[in-house]
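Ligands are counted one by one from 1 in listed order, and the atoms in each one are counted from 1 as well. Just so it is clear, the model here is predicted, and its values are computed rather than measured.
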Amino acid sequence: MPLASLKEVLGQALRRGYGVPSLLAGNLEMVIGQVMAAEEKASPLILAYNRGVTPKIPMELGIPLIVNAATRAGVPVVTILDHGQNLEEVVKAIHLGTSSVMFDGSNLSFEENVRQTREIVRVAHSVGVSVEAELGSVGSPEAASVESNAERSFTDPDAAAEFVERTGVDALAVSFGNVHGLYRGEPCLDLERVRRIHALVDVPLVMHGASGLDEGAYAGIVGSGISKVCYYTAMGMGACRDLRELMADGGQNVTVYHHIISWALDYFYAETKRLLDLLGCSGMAR
Ligand SMILES: [Zn+2]
């Protein structure tokens with residue numbers, strides 16, 4: 001299939017009320033397992049390249065890998081540069097063939113975030129590439145443990161409406177108690193805030209930091225207006241936990257490295273299928 005567009009895939013998710021997972025696709029077995037799962041479940045999917053998480057995998061290899069896998073898939077698959085830091089990085093990712101980019105200006109002032117995001121939207125849209133931006137700051141577990149700090153970084157609904165209007169972004173990542181990595185203690189998500197933003201903003205909303213929640217939480221998150229769910233840490237940690245179990249008998253069945261590759265592919269396939277069901281995404285590419 002041709003590379004899918006973030007704007008179109010999330011537009012449909014928003015209209016029909018389901019979430020699409022954005023999965024970190026750091027290596028070949030992750031990518032193959034994830035795409036096979038989406039095909040099996042007849043689901044759209046987003047594959048993400050994140051230089052911060054896999055700094056030893058150069059963008060020149062990481063982006064063409066996911067673009068190639070996406071165009072070979074039998075279901076709509078979007079590729080995205082996750083947490084792009086500046087225009088140069090975004091242009092490089094576009095040149096390598098991605099269909100969408102995320103620009104993370106969340107650590108900038110509101111006006112500077114608007115200015116830089118606008119410029120990136122202008123460049124990306126001129127070649128048909130969709131743009132996700134972030135307003136408010138999705139923290140780390142450390143930041144979230146200090147409640148007052150976390151609340152200061154939550155996305156303000158009125159500011160979100162102004163930001164989308166002035167920048168022309170195709171999707172907006174919002175902060176409402178969500179954190180990257182694992183949650184410390186009980187997650188406290190302000191879904192009422194998401195509903196208020198959703199009512200004021202006409203582009204799909206994005207949740208970063210969706211790992212480690214109860215299975216029942218995802219329906220409520222999607223129901224409050226989130227269309228794209230970025231998910232990695234729980235999957236990455238689950239893979240390590242299961243691998244430790246597999247090796248517990250002294251690794252009788254894992255004697256050469258390609259046994260691990262094959263096992264990992266099966267793991268990412270199974271976990272992605274589970275997540276597609278949780279987000280209500282299964283069957284939506286039929
Ligand atoms: Zn993120």
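In this structure, the side chains of Lys228 and Met102 stay at 4.5 Å or more apart for every pair of heavy atoms.
Rounding to 10 degrees, one finds that the Zn ion (ligand 1) sits at the corner of an angle of 100° between His83 NE2 and His208 ND1.
Counting heavy-atom neighbours within 6.0 Å of Lys7 NZ, excluding the residue itself, gives a total of 12 or less. When the shell of 6.0 Å around CZ of Arg196 is examined, it contains more than 12 heavy atoms from other residues, nucleotides or ligands.
At a cut-off of 2.8 Å, Cys230 does not coordinate the Zn ion (ligand 1) through any N, O or S atom.
Side chains of Ser137 and Ser175: no donor on one and acceptor on the other come within 3.5 Å.
When the Zn ion (ligand 1) is compared with the N/O/S atoms of His180, atom NE2 turns out nearest.
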